[in-house]
Trainee: 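The structure that follows is given in the form of structure tokens.
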Amino acid sequence: MRGGNPRAGGGFTAKDSRPRDCNPFSVLPDVAELQLMFAQFNCTYFDGEIPTHEISYNNRFSNVAGRITYKPPKIELSPKHLRGKPDQLRETLLHEMIHAWLFARKQNPGHTPTFKKKMRELGLKSIYHELGSAVPLNESAKRYILRCDHCRREMLRKRRPPLGARCAHCRRQILVFEVVEMRQLDEGGVRAARGAL
């Protein structure tokens with residue numbers, strides 16, 4: 001990331017007297033800077049054990065600050081949650097990197113005692129990001145319902161998951177349903193739908 005010193009000139013533009021935003025963290029680091037952060041953290045905190053991951057932003061996130069996928073190796077961060085919050089960006093990237101580090105060591109990459117021990121070593125206090133929910137920058141309609149018949153969890157997604165997708169909680173194969181019609185129910189229809197459950 002860029003240094004924290006303001007530019008010469010006192011933080012004012014030549015054309016007007018309004019203060020220029022001198023805080024480099026009020027905007028997000030670009031993707032190249034994220035990749036550099038990943039490489040630095042990998043070397044400093046993980047002895048270079050994490051294979052290269054693509055680091056990017058995902059404008060659709062509304063409830064999560066970060067997410068990791070292992071195939072392909074990718075870490076996505078929420079610009080809506082992390083803009084202007086350099087400490088939270090650092091913590092979120094490190095959190096996702098702990099998952100990647102455990103996966104690279106062929107250990108359970110979940111929030112296990114090993115995960116929590118490494119988290120404490122890095123000065124992270126909680127497995128939860130506690131950044132609240134935010135409206136995604138690119139609003140989109142969700143078109144697929146993913147259901148696990150084993151643990152009974154359901155999730156809505158915009159994109160169809162790959163064949164053979166598994167439940168994140170119990171690792172069983174999930175069922176995928178495409179939503180083909182959406183219609184608003186009147187009050188009587190809502191009561192009838194609840195009664196059917």
Trainee: My understanding is that only residues two or more places apart in sequence, or in another chain, count here; which of them pass side chain to side chain donor-acceptor pair (under 3.5 Å) with Y57?
Mentor: none
Trainee: By side-chain contact (heavy atoms from CB on, under 4.5 Å), which residues pair with T52, not counting sequence neighbours?
Mentor: none
Trainee: Once rounded to the nearest 0.5 Å, what's the spacing between atom CG of D87 and atom CG of L82?
Mentor: 11.0 Å
Trainee: Checking R147 now: which residues fulfil salt bridge (charged side-chain N to carboxylate O under 4.0 Å, His left out) with it, not counting sequence neighbours?
Mentor: E154
Trainee: Contact between V64 and N58 at the side-chain level, heavy atoms closer than 4.5 Å - yes or no?
Mentor: no
Trainee: Can you name the residues that form a ring pair (Phe, Tyr, Trp, His ring centres under 6.0 Å) with Y70, not counting sequence neighbours?
Mentor: F103
Trainee: Ignoring hydrogens, what is the shortest heavy-atom contact between P79 and L28? Give both atom names and the distance.
Mentor: CB-CD1, 3.3 Å
Trainee: Shortest non-hydrogen contact from V176 to Y144?
Mentor: CG1-CD2, 4.0 Å
Trainee: What I'd like to find out is whether the side chain of K118 reaches to under 4.5 Å of the side chain of F46, using heavy atoms alone.
Mentor: yes
Trainee: Partners of N42 by side chain to side chain donor-acceptor pair (under 3.5 Å), sequence neighbours excluded?
Mentor: none
Trainee: Measure the NZ-OG1 distance between K117 and T112 for me, rounded to the nearest 0.5 Å.
Mentor: 11.0 Å
Trainee: To the nearest 0.5 Å, how far apart are CD1 in I68 and CG in L93?
Mentor: 9.5 Å
Trainee: Minimum heavy-atom separation for A100 to I50, with atom names?
Mentor: CB-CG2, 3.7 Å
Trainee: Side chains of M37 and L89: closer than 4.5 Å at any heavy-atom pair?
Mentor: yes
Trainee: Output all residues satisfying side-chain contact (heavy atoms from CB on, under 4.5 Å) with T69, sequence neighbours left out; order by chain, then residue number.
Mentor: K74
Trainee: What's the verdict on side-chain contact (heavy atoms from CB on, under 4.5 Å) for F41 and R90, showing C-alpha distance, side-chain angles and the deciding distance?
Mentor: CA-CA 9 Å; F41 293 165; R90 176 188 177 276; 3.7 Å; yes
Trainee: Under the rule for salt bridge (charged side-chain N to carboxylate O under 4.0 Å, His left out), what residues qualify as partners of R160, not counting sequence neighbours?
Mentor: none
Trainee: Can you check whether H53's main-chain N or O pairs, donor with acceptor, with Q35's side chain at less than 3.5 Å?
Mentor: yes
Trainee: Which pairs of donor and acceptor atoms, one on a side chain in residues 161-172, lie under 3.5 Å apart (sequence neighbours left out)?
Mentor:
{"residue": "R166", "atom": "NH1", "partner": "R171", "partner atom": "O", "Å": "3.3"}
{"residue": "R171", "atom": "NH1", "partner": "C167", "partner atom": "O", "Å": "3.4"}
{"residue": "R172", "atom": "NH2", "partner": "H150", "partner atom": "NE2", "Å": "3.4"}

Trainee: To the nearest 0.5 angstrom, please state how far the CZ atom of F38 sits from the CE atom of M97.
Mentor: 4.5 Å
Trainee: Hey, what do you get for OG (S78) to NZ (K85), rounding to the nearest 0.5 Å?
Mentor: 9.0 Å
Trainee: Looking only at heavy atoms, which two atoms of V31 and I55 are closest? And how far apart?
Mentor: CG1-O, 3.2 Å
Trainee: With R105, which residues qualify under salt bridge (charged side-chain N to carboxylate O under 4.0 Å, His left out), at least two apart?
Mentor: E49
Trainee: So, do I98 and L122 sit near enough that their side-chain heavy atoms are less than 4.5 Å apart?
Mentor: yes
Trainee: Residues two or more places apart in sequence or in another chain: which of them pass side chain to side chain donor-acceptor pair (under 3.5 Å) with H99?
Mentor: H95, H111
Trainee: To the nearest 0.5 Å, tell me how far R83 CZ sits from L77 CG.
Mentor: 12.5 Å
Trainee: Contact between P29 and L36 at the side-chain level, heavy atoms closer than 4.5 Å - yes or no?
Mentor: no
Trainee: For R120, give me all partners under salt bridge (charged side-chain N to carboxylate O under 4.0 Å, His left out), at least two apart in sequence or on another chain.
Mentor: none
